[in-house]
2 protein chains.
Amino acid sequence: MNRKQTPLREQTRNVVRSLLAQTAVELFAAQGYDDTTLDEVAAAAGVSRRTLFNYFRNKEDLALSGLSEQGELIAASLAERPADEDPWTSLRAAFQVLEEIETTAERRLELITLLFGNETLRAGHAEKQARWQDLLAPLIEPRLPESDRRALEARTIAAAAIACLQAANEEWVRLSGQVDLFDLYDTAVRAIHRT
Amino acid sequence: MNRKQTPLREQTRNVVRSLLAQTAVELFAAQGYDDTTLDEVAAAAGVSRRTLFNYFRNKEDLALSGLSEQGELIAASLAERPADEDPWTSLRAAFQVLEEIETTAERRLELITLLFGNETLRAGHAEKQARWQDLLAPLIEPRLPESDRRALEARTIAAAAIACLQAANEEWVRLSGQVDLFDLYDTAVRAIHRT
DNA sequence: CACAGCGTTGCACGCAGTGCACGTTGCTAC
DNA sequence: GTAGCAACGTGCACTGCGTGCAACGCTGTG
């Protein structure tokens, strides 16, 4: 029977994956994304280059692997909000799981700086956040009043909320993390959503 | 004197650029983006592979070159709107230059289908649209009331409007272009922006 | 001990992208 | 008209990403 083996394997696999991503991000931050070859990452992690591709689809994934999980976390958090809550209130609460997860402000800044400093990574980041819509919109749709375009409305609300989060995040980085992220988020939401 | 040469060269250069992009897109649409090598594109266009890189930064640019110009067109259109106009009204009007420019609905669908069907292109598209914010936000900011976070507010409005356009565009594709794009856009805007 | 499954690894290959150097073309100046 | 100049096209060599394939070692099992 392998009823218990599979979870074990997956568990170790996830650990290794995290380790690999961590060493990769450190190298990227230290000497730049483009100036770091996968051979160097592999050597630093003590595995072969070929093995990296067993854990990550490509170089970009090595840097962005954390973002996909974030989307799932937000979606899971959103799913637990009361069904009769206002979507914007639910989304704001769901986004706050990010503050619980992330490590120190320094580490966040390091990662985001790396991320914003390279066009490929920015593009990958934008795409990942666009995929968050796919997770969030279905959870928002049932909360909206009857309409023949409810799917579009739900998607738009998800996209707009993510855009607010993104704008707040950029401003937060610009201010070197000196202010509260969700103060900025609230400002952003108020700018577009008159209640 | 080369007061007239430079425009001439640039003009021919732009023409060649368009030709190259066009043949590339046709090939991409016909046999898929990943399954089309730059050697094939070069051969189809009658130039060397090396020359492609004289006109485009990379393969992705061959497919997305049109999008950057669109951002500049929208920005130019936005700049001409009256200064005391509501930002959302101005943005809606500015976006409408897209309808004037684009070719047939079939061609748009072909391009967008290609674009949505590949992850790399989706990412590049998302990033390009994110860069639109850099062009639009500065034009929106002076239209906003005094505030100590006006830059963030302007950026958010630009991002939200683009998100509405994007959501409307996706829905428009999903409906195979059977409805008016700006009806969908208005629906999207109403979903987030209670006036 | 033999065996089977699984992950790791090396190897070879195709393709994207870059630096460099050479040939061609077309305009400028004399 | 001709010499020269500048931009462009092109070939070549090279680095690095990403993939298919086959072999190797490790671990648990009968």
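Per chain, numbering begins at 1; letters A, B, ... match sequence-line order.
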*Rounded to the nearest Å, what distance is computed from the CD atom of residue A:Glu60 to the C1' atom of nucleotide C:dA16?*
15 Å
*asked:* Let's see if you can work this out: which of D:dC12, D:dG9, D:dT19 has an atom nearest to the side-chain heavy atoms of B:Tyr55?
replied: D:dG9
*SB check A:Arg149 A:Glu153 (cutoff 4.0 Å)*: no
*Are B:Lys59 and B:Phe53 in a cation-pi setup, meaning NZ or CZ lies under 6.0 angstrom from the ring centre and within 45 degrees of the ring axis?*
no
_Rounded to whole Å, please give me the gap between CZ in A:Phe53 and P in D:dG20._
12 Å
_Taking 4.0 Å as the cut-off, does a side-chain nitrogen or oxygen of A:Ser48 come that near to OP1 or OP2 on C:dT9?_
yes
_Between the base of C:dG7 and the side chain of A:Arg50, is one N or O donor paired with an acceptor at under 3.5 angstrom?_
no
*B:Tyr55 ring centre to B:Arg13 NZ or CZ under 6.0 Å, with the angle to the axis within 45°?*
yes
*Specify the separation, in whole Å, of atom CD of B:Gln31 and atom P of C:dC15.*
12 Å
*Parallel, tilted or perpendicular: which describes the rings of A:Trp88 and A:His193, with under 30° parallel and over 60° perpendicular?*
parallel
*asked:* Please classify the nucleic acid contact of B:Thr120 as base, sugar-phosphate, or nothing, using heavy-atom distances under 4.0 Å.
replied: nothing
*Could you give the CG-to-P distance, from B:Asp39 to C:dA16, as a whole number of Å?*
7 Å
*Whole angstrom is fine here: how far is it from CG in A:Asn58 over to P in D:dT19?*
7 Å
*Which is true for B:Phe56 with a 4.0 Å heavy-atom rule: it touches a base, it touches only sugar-phosphate, or it touches nothing?*
nothing
*Report which part of the nucleic acid A:Arg57 touches: base, sugar-phosphate, or nothing (heavy-atom distance under 4.0 Å, all strands).*
sugar-phosphate
*Please state how far atom CG in A:Leu52 lies from atom C1' in D:dC17, giving the value in whole angstrom units.*
12 Å
*asked:* Nearest whole Å is fine: how far is D:dG16 P from A:Asp34 CG?
replied: 12 Å
_Testing the 3.5 Å rule here: is there a donor-acceptor pair between the side chains of B:Glu170 and B:Gln166?_
yes
*B:Leu38 or A:Val47, whichever maps to the more 5' nucleotide of DNA chain C*: A:Val47
*Examine C:dC15: is either OP1 or OP2 under 4.0 Å from a nitrogen or oxygen in the side chain of B:Thr37? Give yes or no.*
no
*Within this structure, what is the CG-to-P distance between A:Asn54 and C:dT9, rounded to whole angstrom?*
9 Å
*Donor-acceptor pair under 3.5 Å: do we get one between B:Arg49's side chain and the base of C:dG17?*
yes
*Using a heavy-atom cut-off of under 4.0 Å over every strand shown, decide if B:Thr12 touches base, sugar-phosphate, or nothing.*
nothing
